[in-house]
2 protein chains.
Amino acid sequence: MDIPEDGKIKNLSTDCVIFGFSDETLKILLIKLAAEPEKGEWALPGNIIMRQENLDDAAKRVLKELTGLEKVFMEQVHTFGNVNRFPLFRIITVAYYALINPDKYHPEAGGRTSDVRWFPIEDLPDLAFDHNKILDYALNKLQRKIRFEPIGFELLPKKFTLTQLQSLYEAINGVKLDKRNFRRKILNMGMVIELDEYKEGVPYRPPQLYKFDKAKYDKLKETGLLSN
Amino acid sequence: MDIPEDGKIKNLSTDCVIFGFSDETLKILLIKLAAEPEKGEWALPGNIIMRQENLDDAAKRVLKELTGLEKVFMEQVHTFGNVNRFPLFRIITVAYYALINPDKYHPEAGGRTSDVRWFPIEDLPDLAFDHNKILDYALNKLQRKIRFEPIGFELLPKKFTLTQLQSLYEAINGVKLDKRNFRRKILNMGMVIELDEYKEGVPYRPPQLYKFDKAKYDKLKETGLLSN
DNA sequence: GCAAAAGTGTTTCCGCTACACCCATGA
DNA sequence: TCATGGGTGTAGCGGAAACACTTTTGC
């Protein structure tokens, strides 16, 4: 039998690319491996899949065990199963990505990891195994997805400024956008609601705060979001 | 050990959604199961993954064993692994889709299948297990992909008419397109080369034949194909 | 008053859409 | 000569892109 009594499927794992956005920068949460093989290398958080556990649930579990967060946007990216991707034995991994707001979570090492850290997307270390490739796939999927679905809000606090939203799009796609065109486009979509609140304590004109309009989210799913 | 000596990974399979295009219709190649469970049901062709076999190679093997075809466009779609998706035990399947030209292949039953048939996309039977869901995912992926990458040619003979190409796009996306607008768009892209040949033996004005311009394929990968 | 980011309109251009008639052939 | 699909052009519209200055606040 392929599935032993201890409830783990040893040739199947899930790895999770956790995206966060802070300081105008797209970041990824990595762990430092505390055990061989590749001890001391940075890697994507991941785990073995349990016998009585759906794939999506396994990915959620990885995220929760690491960050304590639940009800987070997650999506399957791709499955990586080259024969030699793991040095000790054949293991296939189903990759997911997650979008979280890093303000809600401050990483803390523990368990099988000796360190946990956010890395800016443009300054990543070499990762263990084929994790750089997995990360590339996930980023690529995020970049394409955000052009057509309003998933960017998952990375922001509930109340945000339009400049924050623009920086997010710029960080994810690595482009510069025109401020006026961006604002017009977003506002025309009616995807955000302006609040009677302004960011305080900034040494310049206080920007207005907005929130995401959940009601229009679904209508826009078919329409598409940004095309550049 | 999860991987027994016979070289099969019994909790991991691959299933393949094989698309073909003929008679102006998008079709899918299905097999009739010759063994329990769900004997007699139509299903996607699939197989267990071997211990020393990459996932992509397993999918290619499924296609080759069924159709004899090699060097075919294939792409991973999604991995399905809900605990109860297969009635006898836990099995996770990595789904692929393939695009083939059905003129090159006439199905013949044999081996573990009692029947093999092309089914038009708009007249599909109920499939075994979660195969209807897998098929939906694959079709959806094909529909979205073909809008931005020139993969449609994989489904056509080497020399084709622009009307054939248009019918293909219409069949895949289930829409009607304007003939003049379609032709202009395709020709503007420079993705096809007109030949000095015409289809013969038709009881109307013989249409000109075109071939795919492989050289421009790569340039267009980034640009996008059709937006409607 | 200076630094720093917020906020705001108009014009131009290009691509998409809609639309109807003549052409070449086989039967 | 008729039936069938092949093949062609133009005008109008709407969304995308380019572009610069004034406003408000903290220090």
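Worth saying up front: this structure is predicted, and the values here are computed from it rather than measured. In what follows, chains are A, B, ... by sequence order, proteins preceding strands, each numbered from 1.
The separation between A/L162 atom CG and C/dA5 atom C1' is 13 Å, rounded to whole Å. Residue A/L177 contributes atom CG, which lies 16 Å from atom C1' of D/dG15 at whole-angstrom precision. The separation between B/F182 atom CZ and C/dC19 atom C1' is 18 Å, rounded to whole Å. Rounded to whole angstrom, the span from the CZ atom of B/R180 across to the P atom of C/dC16 amounts to 17 Å. For the pair A/L187 CG and D/dG15 P, the interatomic distance rounds to 15 Å; values are reported in whole Å. Atom-to-atom, NZ of A/K185 to C1' of D/dA17 comes out at 10 Å; the value is rounded to the nearest Å. Atom CZ of B/R147 and atom P of C/dG15 are 18 Å apart (whole Å). Rounded to an integer number of Å, the gap from NZ of A/K199 to P of C/dA6 is 8 Å.
Here C/dA5 is the nucleotide among D/dG7, C/dA5, D/dA20 with the atom lying nearest to any side-chain atom of A/Y204. Distances were taken from every side-chain heavy atom of A/P206 (C-beta onward) to each of D/dT25, C/dG7, D/dA18; the shortest belongs to D/dT25. Of the listed nucleotides (D/dT24, D/dG9, D/dA17), D/dG9 has the atom at the smallest distance from the side chain of B/N181. Checked against C/dG26, C/dA6, D/dT10, the side chain of B/R184 finds its nearest nucleotide in D/dT10.
To the nearest 0.5 angstrom, B/D126 atom CG is 13.0 Å from B/H131 atom NE2.
Ring orientation note: the planes of A/Y137 and A/H78 are tilted relative to one another, at an angle of 30° to 60°. Using cut-offs of 30° and 60° for the angle between ring planes, the B/F153 and B/F160 rings count as tilted.
With the nearest nucleotide of DNA chain C identified for both A/Q208 and A/P203, A/P203 has the one nearer the 5' end. Nearest-nucleotide positions on DNA chain D for B/K179 and A/G201 put B/K179 closer to the 5' end.
Geometrically, A/R144 does not engage A/F148 in a cation-pi contact, judged by NZ or CZ lying under 6.0 Å from the ring centre and within 45° of the ring axis.
At the heavy-atom level, B/T163 lies under 4.0 Å from the strands shown only through sugar-phosphate atoms.
Neither OP1 nor OP2 of D/dT4 sits under 4.0 Å from any side-chain N or O of B/R205.
Looking at B/D178, its side chain has no donor and acceptor atom pair within 3.5 Å of the base of C/dC16.
In A/K141, the NZ atom is crowded: over 12 heavy atoms of neighbouring residues, nucleotides or ligands sit closer than 6.0 Å.
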